Structure formats: C-alpha cells, structure tokens
Protein chains: 2
Amino acid sequence: MRRSRAPLDVLPAPEAANEMTDRERASSHPAAEPPSGVRTRSQLQRRRRIVQAAAALASRGGIEAMQMRTVAERAGVALGTLYRYFPSKMDLVVAVVGEELDLLERSIERRPPSAPTPAGKAADVLMRAARGLMREPELADALIRSLIITEVSTPFAERVSTLLLRVAAGLPREEITEDRLALAGALTAAWVMELLEMLRGRRTYEQMTRHIELAAERLFAGL
Amino acid sequence: MRRSRAPLDVLPAPEAANEMTDRERASSHPAAEPPSGVRTRSQLQRRRRIVQAAAALASRGGIEAMQMRTVAERAGVALGTLYRYFPSKMDLVVAVVGEELDLLERSIERRPPSAPTPAGKAADVLMRAARGLMREPELADALIRSLIITEVSTPFAERVSTLLLRVAAGLPREEITEDRLALAGALTAAWVMELLEMLRGRRTYEQMTRHIELAAERLFAGL
DNA sequence: CAGCTTTCTGGAACGTGTTCTACTTTGCTG
DNA sequence: CAGCAAAGTAGAACACGTTCCAGAAAGCTG
C-alpha cells in the first residue's frame, strides 16, 4: 500500500532550473499536496544531491545498486528525508530519467538531425538517443523498465513523441494533432521495445537501426 | 543476485491445454526440452494448482495480491516447493501470461478476424485481445508490466507479432522475414503501450482503437 | 524390503523497499 | 527572543521476495 505522494515536487518536469523563489505562508492550506514548490536553496541542493547520487549509483550496477539506503547515505541525508523528497524509489528513477531527457533535448537542439525526410530525421533522433543511453546500459535498462512499469505519472512517451514531431516533422506545437501523436507514439513504442531488446542482447545495433528506419518510414510517411 | 533457473520447466510454452483429464503415466513423452521435464502426474497437478492459484489471486488486487506465500498456501504447497517450480515471481507471472496467450490464440482460431485487409485484420485481433485483457484490468496491468520488465526470457512480443503476421497477413511461417517481423513488432509495441495507457485511464477504448487502426494501416500496408 | 535420491514441507532467516517513532534542528513570526 | 510548525536525523520495525535448512515423504532400484 504505497501511493505515490509528492510532498515537495518530484515531477520529472524539465523545470530543473527552478531556483528557489517565493513561497506562501505555510498555514494557507492543511497540507495541500504535490505542487507545493521547492522552498529553500538548501532544499534544492539536497534534491540535486539526491538525484545525482542516485544516477551515479545506478550507472554502475543498475537499479539494484541504487538502493535507497545507499542513495540516502551518499547524498548525506537520512532515509526518512529521502522518502520525503521521493516517496518511492520509482519517483526517484523518474527524476533521474527526466534529467536524461533534458540532456537529450538539449543535444538535439545543439545538433539537429540532418536527414532529408521526416522519417529519416525521426530515426536519426531516436538512434542518437539510443546511443546515448547505451553508454550506460545498466542505467538505461533500469530506467526504461522502471518507467514502463511505474504508475507514477510519466509523460515519458509523450515527451519523446512530441519531440519527434517537432524536430523531425517540423511541426509547430499547434499542428500536433492526436492522430499525429498516435503515429509518433507508435514509433516511440517500437523504439522503446527495440531498445529493451538490444539491452538484453537480443538485437544488434544494426538490427535496431534497420527496424526503426523501417517503422519510421511507414509511420512518418507524408508528415 | 537471482538468476532464473528452471528446474522443472517454467517455460511459457503454449502447452497449457493440459486438461487434468487423462494423464498418461509420466513416462509417455520424455518431456524433451527444458532441463528435466515434468515428471509425475502429481507434479503436473501441483504446477497447475500453482498457476491457477496465482492467476486467481492476481485477478483481484493485481500482482501485489499475488504474494508468493499466499500463492503457495493457496496451492497447498510449501514455499520452497513453489520456488522449485517457479524460481522467481516473474517466472510465475510469465506462466500465467502464457495461459492467457493460449486462450487468445484459440479464440482467434475459432473465430478469425473478418476485416478485408491485413491491417484491418491485425487491428481486429489486437483489439479483441485488448477487450479480453480488459475484463481483468488488474491482472492485465500487472501481467503486461511485469512482462516488459522481466529478464526472464519472454517471447511474448514475438509471439504476438508472429500471430499477427500469420493470421492477419496470412503469411505462412516460411515467409515471415525479419523485416516483416520488425513491422509487426512495431505494431505490437504500440499496442502494448496503448493498452497500458488505457489501463491507466489515460485512453478511452475508442481512442485506442483509432490509434491502433492508424498504426496498423501504415505498418501493414502492402503486406 | 533396504538403501538411495529426489521432492516436499514447515519454518527460520536474509535483503531491501517502505513506514514509523522519538528527538533535534531550522526558519520563521508575533 | 519565545514559540511553533515544518523539515531533518538516527535507527528500529515491518513487508514481501528470496534463500536455506533439517527432516519427512515419495519414488526408484537392486
């Protein structure tokens, strides 16, 4: 019986750069809930230290190495505090993934895909992300599986799909229709599965590339 | 450190249709494949009781209700025995899913999809499966997530993909190429994700149907 | 049937995620 | 500054998957 409550924030939102700012009187509400923005600088730092420690641990030994006690210790906080920031291990994983995604988005911005067609661009983006993830296979595996499993709200797939539509198909946000999102979602889903297969050693990089290109060609044709 | 060893069988093989009816003396077929095949009648029954108990428990309360101790108790075996049959909870889940898949395959055989195009047929099959799974949402959710996560060998996606190619595209096994499998795999992946979204209440049945049809049309065009 | 091996059993024990408790520290706010 | 609630701390405790163990039961095999 562990529901995912978020006393501080926890959301994987790309609002990482959220410097502590204002704050309202504590009284205001009897324990409102999730939102409640970050409070002090030290809390921001604590949060950062935690996520950092978690990522570091996970990048060796995967998720099993990322034990809550160890993370707490390494981040220099008490176990209870860790749980105040991240009500479950999954929430922590989600936060780590969020940062990875930020990284990817920035990387894409810096160097947009060069392929001529939308399909080509999409495959390009996805395979670049795959390469990035494969640099830390343990972490990647753990993260992806965790994400799929979690009940914690994770706009992961949607974030990737939207990214694809924007950067590969060159669609401005307004032109992202449900149908298009569905197609991009299918491609994202295929990508995730292929990635998992590769991580499990059941796909070579070449196979995965081919499969993604094949699917992208069909799903992104005419976009 | 828990490796998945299978002392008896454990494979999600489609050999489920074993009615407890007649059971030839253990000898009959030397039960080839996995390590030591199933042995005696009582072992078969034990295995069946376990899977049954597991499925029953999981269909209420999902996977969390399917606790190893409870399963063991309910199946009338000792915990140690349960672990002899299924070296990990995941193996048990895989077995349960295997049975569900058998059910689906039989259902498809009984009443093949009627749509005219391969794409239509594929969507038909997938949505039928979805409806079936949605009858036990807790179970479905738990099973799917577990399957994706598991390291236990799970030809789940491949099984579904192959089924699609055979029944929707009418391809005999020999004509199932890697490229075709990749396309079917993409559709399967999209289906799985949509299913998860629906189970989480983030999709309506209608949305999912549309998305799957959309993806199927493109991925199965010209098959 | 005796002797051996394999399987089962009940139950203890271990590891790790999660929760709880009692206490201290921090950061206000009147 | 005194008071107070929120946030943090150390550490025990709990839950459940998993492992181990010693002994009983079941199956062979000679």
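Only this structure's heavy atoms are used, side chains among them; waters, hydrogens and symmetry mates stay out. Values in this document were obtained by computation on a predicted structure and should not be read as measured data. Every chain is numbered from 1, with letters handed out A, B, ... down the list of sequences.
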inquiry  = Whole angstroms only, please: what is the CE-P distance between M66(B) and dG17(D)?
reply    = 9 Å
query = According to a strict under-4.0 Å criterion, is Y85(A) in side-chain N/O contact with OP1 or OP2 of dG8(D)?
reply = yes
inquiry  = Let's see if you get this right: which residues in residues 54-61 of chain B place a heavy atom under 4.0 Å from DNA chain D?
reply    = none
task = Measure the spacing between CZ of R200(A) and CG of L195(A) and express it to the nearest 0.5 Å.
result = 10.5 Å
key: Length of the CE-P vector between M90(A) and dT16(C), whole Å   = 17 Å
key: Atom pair CG (L219(A)) and CZ (R180(A)), whose distance is rounded to the nearest 0.5 Å   = 14.0 Å
inquiry  = From CE of M68(A) over to P of dT18(C), roughly how many Å is that when rounded to an integer?
reply    = 6 Å
ask   = Quick one: are K89(A) and I63(A) in side-chain contact, heavy atoms under 4.5 Å?
value = yes
task = Search all heavy atoms of R60(B) against all heavy atoms of A65(B) and return the closest pair with its distance.
result = O-CB, 3.4 Å
ask   = If you round to the nearest 0.5 Å, how far is CZ of R48(A) from CD of Q43(A)?
value = 13.0 Å
ask   = OP1 or OP2 of dA26(D) sitting under 4.0 Å from any side-chain N/O of Q43(B)?
value = no
inquiry  = Rounded to whole Å, how long is the line connecting atom CD of Q45(B) with atom P of dC8(C)?
reply    = 12 Å
key: d(OH, Y83(B); P, dT19(D)) in whole Å   = 7 Å
ask   = Considering only heavy atoms from C-beta outward, does the side chain of V125(B) approach that of V160(B) to under 4.5 Å?
value = no
ask   = About how many Å separate CZ of R166(A) and CD1 of I176(A), when rounded to the nearest 0.5 Å?
value = 7.0 Å
ask   = Under 6.0 Å from the CZ atom of R131(B), do we count more than 12 heavy atoms belonging to anything else shown?
value = yes
key: E73(A) CD to dG8(D) P, straight-line distance once rounded to whole Å   = 19 Å
ask   = Roughly how far, to the nearest 0.5 Å, is CG of L165(B) from CG of L183(B)?
value = 8.5 Å
Shorter than 3.5 Å, N or O on both sides, protein versus nucleotides 9-13 of chain C: list them out with atom names.
| unit_1 | atom_1 | unit_2 | atom_2 | d |
| --- | --- | --- | --- | --- |
| dT9(C) | OP2 | A78(B) | N | 2.9 |
| dT9(C) | OP2 | T81(B) | OG1 | 2.6 |
| dA13(C) | N6 | R69(B) | NH2 | 3.2 |

query = Which whole-number value in Å describes the distance from E64(A) CD to dG17(D) P?
reply = 16 Å
note = Partner of E105(B) under salt bridge (charged side-chain N to carboxylate O under 4.0 Å, His left out), picked from R111(B), R159(B), R110(B), is R159(B)
Axis bend over the full length of the helix from dC1(C)-dG30(D) to dG30(C)-dC1(D), computed from five pairs that close each end, to 10 degrees = 10°
key: Heavy-atom side-chain proximity of E100(B) to L139(B) below 4.5 angstrom   = yes
message = Starting the side chain at C-beta, find the nucleotide from dG17(C), dA7(D), dT7(C) nearest to Q67(A).
response = dG17(C)
query = Considering residues, nucleotides and ligands other than R203(A), do more than 12 of their heavy atoms fall under 6.0 Å from its CZ?
reply = yes
task = For R84(A) and dT19(C), give me the distance from atom CZ to atom C1', rounded to whole Å.
result = 13 Å
message = Heavy-atom nearest nucleotide on DNA chain D for S42(B) versus I63(B): which residue maps closer to 5'?
response = I63(B)
